[in-house]
Amino acid sequence: MPELPEVETVRRGLEPVMQGARFAAVEARRRDLRWPLPSDFAARLQGQAVTGLVRRAKYLLVDLSSGEVLLMHLGMSGSFRVAHDCGQRTHERTQHLTHDHVVFHMSNGARIAFNDPRRFGSMKLIRRAELEQEPLLRALGPEPLGNAFDAALLAGACAGKKTSLKAALSDQRVVAGLGNIYVCEALYRARLSPKRSAATIATRGGGPNERAQALVEGIRAVLNDAIAAGGSSLRDHKRTDGELGLFQHHFAVYDREGRRCPRRGCGGTIKRIVQGARSTFFCPVCQR
DNA sequence: AAAAGCCCCTGGACGC
DNA sequence: TGCGTCCAGGGGCTTT
């Protein structure tokens, strides 16, 4: 499921119920997520206050009063659902869903359940002082919505690459947070073919060209639009309140094989190809 | 070092 | 209705 807009939507849903609250109790109903949870996982969270909740790429980082950071990734099918432990209709609101693997009971009465059928998601506790050295975060490229991300940076990261532009944008070391959907949609907005060599958005010296600029604008625009819509809901993604994101209704190319290209005057037909064992959707007429 | 495969896991859609 | 097959929004690890 979740790419940057969905993870950001989850972060915004969790923030009001986590920020400033303490972990009153933690249930690790299954410890075999992507990696096993440590045996003292619940004990290290219990009693800690949340002092911050930020997103980095597709990771969520929960700052704890203990000086540790709870690092979480939703994998392909992870989601959070917020309910309340107290109040009437408690039974109905807090019913257990299949694949609720971890449940946080917060001091403010919020019950936060992490649900993940495929268990590609992960949770990890690390010392805040060691965040810089964390292997999962260390190699991540720039935040696409951050100030540092621009055409020069993207062109520099693509210069000399032997891979396709699709593969380069999917590489979290080049730019952090895009996945299969938003790579396809960003390339569409920039009118660039996913098959194009990544190196062609840089000049010989590694500097940016007009394609890099268009791509940066396409990436930022599609991510901002998707966040504003609450992300995309295909199979799994739901917001923390259980509502669906709406951006899937605005896909130009993703999962639209055979449909007419929505660009005015284009008239092309959306095509599906396979790159790196994953589907790519694009318009072969206006994306070059 | 970079790039390409392999694999983790469950469930939904589809064809027969 | 029941099966088998394929596919899915990610990314770490291993192999080339």
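Numbers restart at 1 for each chain; the letters A, B, ... are given by sequence-line order, proteins then strands.
- Among the heavy atoms of the strands, none lies under 4.0 Å from Arg30(A).
- One finds no side-chain N or O of Lys162(A) lying less than 4.0 angstrom from the OP1 or OP2 phosphate oxygen of dA2(B).
- Among the atoms of the strands shown, none is found under 4.0 Å from any heavy atom of Tyr182(A).
- Between Thr51(A) and Asp63(A), the side chains place no donor N or O within less than 3.5 Å of an acceptor N or O (distance only, hydrogens not considered).
- Note on His73(A): a side-chain N or O is less than 4.0 Å away from OP1 or OP2 of dG11(C).
- The shortest distance between side-chain heavy atoms of Ile270(A) and Cys261(A) falls below 4.5 Å.
- Counting any heavy atom pair closer than 4.0 Å across all strands shown, Ser279(A) reaches sugar-phosphate atoms only and no base atom.
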request  = Start with the C-alpha gap between Lys58(A) and Glu6(A), add the side-chain angles, then the distance that decides, and say whether salt bridge (Lys or Arg N to Asp or Glu O under 4.0 Å) holds.
outcome  = CA-CA 9 Å; Lys58(A) 300 172 194 170; Glu6(A) 290 75 38; over 6 Å; no
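- Donor-acceptor pairing under 3.5 Å is recorded for the side chains of Glu27(A) and His105(A).
- Taking a pair to require two hydrogen-bonding distances under 3.5 Å in either a Watson-Crick or a G-U wobble arrangement, dC9(B) remains unpaired.
- If you check dA3(B), dG10(C), dC7(C) against the side chain of Pro2(A), the one that comes closest is dG10(C).
- Protein atom CZ of Arg31(A) is 17 Å distant from nucleotide atom P of dC9(B), rounded to whole Å.
- A 4.5 Å side-chain heavy-atom check between Arg191(A) and Arg263(A) finds at least one atom pair inside the cut-off.
- Note on Lys58(A): a side-chain N or O is less than 4.0 Å away from OP1 or OP2 of dG11(C).
- Side-chain contact between Arg111(A) and Val82(A): absent, with no pair of heavy atoms (C-beta onward) separated by less than 4.5 Å.
- Contacts of Tyr59(A) with the nucleic acid, taken as non-hydrogen atoms under 4.0 Å apart, involve only primed sugar atoms and P, OP1 or OP2.
- Phosphate contact (OP1/OP2 of dC9(B), side-chain N/O of Ser77(A), threshold under 4.0 Å): absent.
- Between Glu134(A) and Arg138(A) there is no salt bridge, since no side-chain N of the basic residue sits under 4.0 Å from a carboxylate O of the acidic one.
- Residue Arg278(A) has no polar side-chain atom (N or O) positioned under 4.0 Å from OP1 or OP2 of dG11(C).
- Proximity of Gln172(A) to the phosphate of dG11(C): a side-chain N or O atom is located under 4.0 Å from OP1 or OP2.
- Between His99(A) and dC9(B) there is no side-chain polar atom (N or O) within less than 4.0 angstrom of OP1 or OP2.
- Nucleotides dT14(C) and dC9(B), compared at atom P, are 16 Å apart to the nearest Å.
- Looking at residues 115-140 of chain A, you'll see Pro117(A), Arg118(A), Arg119(A), Phe120(A) sit with a heavy atom under 4.0 Å from some atom of DNA chain B.
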